[in-house]
Amino acid sequence: KTALLRGDVFSIRFTILIDTFIYKFWHVEMLGMAIKPETKHSLVLICLAFLSIGFLMQYYNQGETRMTSPTGMVISEVKMEEDPQDVRVLVNPKNTKARLELISNPSVDVRHEFGQSFSAQMPRDKINTIDMLATVTEIPAYRIAFRKDFGPRGTGVCGNYICEGSESNTCPKDCGTTPFSRKCSPTNQKPYSVTQMNSGKMDLGRNVKIAIIDTGAISHPDYSNNIILCADTTQRGITKGCADASQMGHGTHIAGLIGAEGGPDGEGMIGSAPAAKLIIIKACDNDGICYADDIAEAIFYAAKNGANIVSMSFGSEIDSSLIHNAISKQPNILFVASAGNNGPGLDTILYPAANPAVVAVAAHDTDMVGASFSSRGITDSNDASIGAREVEFSAGGVGIESTNNDGCYSGLSGTSFSAPVIAGAAAGVWDKSDGTRDSKGNPEATRKYLLNISKDIIAANGDGATSGYDVMSGYGLPVLQ
């Protein structure tokens with residue numbers, strides 16, 4: 001009975017064998033035929049031997065299911081997976097009826113809806129069970145673009161406005177008991193990347209909303225007053241909250257580079273657009289993995305909530321149709337993205353930065369020398385306009401100090417931290433870039449304005465830097481007037 005319930009082929013086979021012997025003993029003795037004791041013992045030993053062989057064979061074939069013929073010959077053998085791998089897919093149903101059937105399928109965990117199509121998480125081995133109802137394609141994952149050659153992390157935990165229950169009585173404002181008292185300060189109030197751009201003036205970015213699509217961000221005291229929305233697209237649909245628990249505090253680092261305004265005491269960090277309002281959207285998990293459907297959902301959320309500029313610091317060699325389409329549907333938003341850290345070879349820009357509708361930002365150091373790791377673009381012999389897979393601007397991205405998710409500060413490197421200061425600079429000129437002061441800037445005018453105020457970068461660690469437009473730094477570094 002136990003063997004049948006388990007569906008264990010070997011146990012069933014040997015149980016039947018043993019039962020057969022027992023039946024024969026009973027049948028023979030019921031007929032009054034005497035069986036010698038030594039014969040009984042021999043038959044019992046044979047039963048036990050077969051049973052032992054069965055258990056040994058089951059042990060050495062764990063995880064396998066075998067189908068056998070009546071003679072015991074193996075006619076098929078399949079290795080069973082203990083835990084089928086889940087994958088993220090885009091499901092495009094063939095019709096409305098198919099869509100309703102798919103959404104109600106327990107194997108299809110629907111996450112985000114994009115018109116008739118939707119994204120879902122499902123076991124890989126179940127995909128072929130729905131291909132009669134829909135076209136199914138796997139969704140690519142993007143990764144945040146930072147390097148591990150970072151500076152020291154801060155150690156303070158006070159001042160992050162989160163009551164964690166372990167703070168001392170002198171801890172500032174976290175638990176609402178004492179006035180703000182700074183326990184850690186940045187090495188320099190303005191990162192060199194902000195200073196190089198002549199950015200960081202306290203009124204820059206006023207009336208501009210910047211969406212940061214990343215690993216989320218903590219409510220750091222240096223920019224918490226500028227956060228107007230906080231959302232998460234890494235779950236099903238859109239949920240509240242955007243906590244950044246990533247190892248390097250990636251999203252928190254970016255938020256400070258854009259919107260830090262000095263904190264309650266004015267002694268904290270100052271970013272490139274201190275007056276801008278921040279929409280923080282967590283679309284990347286704490287390991288820095290960002291699925292294309294979560295990013296696309298974040299873009300639509302940003303647009304719905306009035307974002308003027310979107311900052312993205314992640315990349316992939318794949319141009320996801322979900323992200324591409326989401327960007328193309330937002331002509332009034334300026335998209336800025338990190339070029340990637342795959343340099344110094346040519347044509348190494350990652351998507352979404354490789355999309356010509358997106359400003360691709362490379363990295364240089366404190367001496368205005370292009371970083372060797374910074375991804376390079378291509379040469380298409382047309383320097384007057386930006387095409388696919390071309391760098392547009394460069395900004396500081398080597399050893400950049402900014403806000404950290406422990407409530408203090410840390411230094412990190414990568415084009416991840418070049419893109420946000422360009423986004424901040426764009427916010428600083430958004431209103432006047434079209435020649436008006438009506439608070440109605442536009443992406444095309446802003447890109448052109450930044451080009452006109454750019455300073456050439458002519459040196460690099462690695463190839464690609466030349467006078468004028470080049471594959472390493474594009475038009476160079478925008479310097480605000």
Got more than 12 heavy atoms from elsewhere within 6.0 Å of CG, Leu133? yes
Gln116, CD atom: more than 12 neighbouring heavy atoms under 6.0 Å: yes
Partner residues of Gln330 under the side-chain hydrogen bond (donor to acceptor under 3.5 Å, both in side chains) criterion, sequence neighbours left out: none
Can you tell me if Thr415 uses its side chain to pair, donor with acceptor, with the backbone of Ser418 under 3.5 Å? no
Using 4.0 Å as the upper bound for N to carboxylate O, is an ion pair formed by Asp294 and Arg88? yes
Might you work through the side chain to side chain contact (heavy atoms under 4.5 Å, CB included) test for Ser402 and Met269, ending with a clear yes or no? CA-CA 7 Å; Ser402 184; Met269 178 184 156; 3.3 Å; yes
For Tyr449 against Lys432, the heavy-atom pair lying closest together: OH-CE, 3.3 Å
Minimal heavy-atom distance between Val391 and Ile386, with the atoms involved, is O-CD1, 3.6 Å
Are Asp131 and Lys126 ion-paired here, with the side-chain N under 4.0 Å from a carboxylate O? no
Return yes if a side-chain donor-acceptor contact under 3.5 Å exists between Asn404 and His253, otherwise no. no
Interatomic distance, OG@Ser433 vs CZ@Arg447, rounded to 0.5 Å, equals 12.5 Å
Leu102 versus Val110: any side-chain heavy-atom pair under 4.5 Å? no
Residue pairs fulfilling ring-ring contact (aromatic ring centres under 6.0 Å, His included) with at least one residue in residues 187-213, sequence neighbours excluded: none
Note: Ala273 and Gly424 closest approach over all heavy atoms is CB-O, 3.6 Å
Which of parallel (below 30°), tilted (30 to 60°) and perpendicular (above 60°) describes Phe300 and Phe114? tilted
Spacing of CD1 belonging to Ile270 relative to OG belonging to Ser199, to within rounding of 0.5 Å: 10.5 Å
Side-chain donor-acceptor pair under 3.5 Å between His250 and Ser313, yes or no? no
Quick one, Ser394 with Met472, criterion side chain to side chain contact (heavy atoms under 4.5 Å, CB included). Give me CA distance, side-chain angles, the key distance, then yes/no. CA-CA 8 Å; Ser394 181; Met472 207 260 36; 4.1 Å; yes
Check whether Thr215 reaches the backbone of Gly251 with its side chain - one donor and one acceptor, N or O, closer than 3.5 Å. yes
Salt bridge present between Arg236 and Asp109 (N-O < 4.0 angstrom): yes
Taking ring pair (Phe, Tyr, Trp, His ring centres under 6.0 Å) as the test, write out the residues that go with Phe393, two or more places apart. none
Side-chain donor/acceptor of Asp456 to backbone N/O of Ile458, under 3.5 Å: no
Could you tell me whether Lys94 atom NZ has more than 12 heavy atoms of other residues or ligands within 6.0 Å of it? yes
For Tyr469, enumerate each residue passing the ring pair (Phe, Tyr, Trp, His ring centres under 6.0 Å) test, keeping only those at least two apart in sequence or located in another chain. Tyr475
Take a 6.0 Å sphere around NZ of Lys455 and say whether it holds more than 12 heavy atoms from other residues, nucleotides or ligands. no
In this structure, CD1 of Ile144 is separated from CZ of Phe314 (nearest 0.5 Å) by 10.5 Å
Quick one: does any side-chain atom of Arg111 pair with a main-chain N or O of Thr234 as donor and acceptor, under 3.5 Å? yes
Take atom CD in Glu444; do more than 12 heavy atoms of anything else shown fall under 6.0 Å from it? no
Please report the interatomic distance CG(Leu346) to CD1(Ile349), rounded to the nearest 0.5 Å. 10.0 Å
For Ile103 and Phe118, the nearest pair of non-hydrogen atoms, with its separation, is CG1-CE2, 4.1 Å
Between the main-chain N or O of Thr403 and the side-chain N or O of Thr252, is there a donor-acceptor pair closer than 3.5 Å? no
Determine which pairs satisfy disulfide (SG to SG under 2.5 Å) with at least one residue from residues 418-481, sequence neighbours left out, and list them in order. none
Look at the side chain of Asn355 and the backbone N and O of His324, then say whether any donor-acceptor pair between them is shorter than 3.5 Å. no
Glu101 backbone acceptor or donor facing Asn105 side chain under 3.5 Å: no
Does one side chain, of Ser119 or Asp293, offer a donor that lies under 3.5 Å from an acceptor on the other? yes
How far apart are the C-alpha atoms of Arg124 and Asp86, what are their side-chain angles, what is the distance that settles it, and do they pass the side chain to side chain contact (heavy atoms under 4.5 Å, CB included) test? CA-CA 6 Å; Arg124 187 183 295 278; Asp86 279 1; over 6 Å; no
Give, for atom CD1 of Ile400 and atom OG of Ser410, the distance between the pair rounded to the nearest 0.5 Å. 11.5 Å
For Glu113, check salt bridge (charged side-chain N to carboxylate O under 4.0 Å, His left out) against everything at least two apart and list the hits. Arg99
Could you give the distance from OG (Ser311) to CD1 (Ile279), rounded to the nearest 0.5 Å? 12.5 Å
Give a yes or no on whether the backbone of Ile289 and the side-chain of Asp287 come within a donor-acceptor separation of less than 3.5 Å. no
Look only at the side chain of Ser338 and the backbone of Gly340, and say whether a donor-acceptor pair between them is shorter than 3.5 Å. no
For the residue pair Ala134 and Val91, what are the closest heavy atoms and their distance? CB-CG1, 3.6 Å
Are His220 and Tyr409 close enough, and set up right, to give a side chain to side chain contact (heavy atoms under 4.5 Å, CB included), and what steps lead you there? CA-CA 10 Å; His220 195 288; Tyr409 308 89; 3.9 Å; yes
Just checking, is any N or O donor in the side chain of Asp470 or Ser473 under 3.5 Å from an acceptor N or O on the other one? yes
Quick one: does Asn188's side chain have a donor or acceptor within less than 3.5 Å of a partner on Lys190's backbone? no
Note: Asp347-Arg376 ion pair, threshold 4.0 Å (strictly below): no
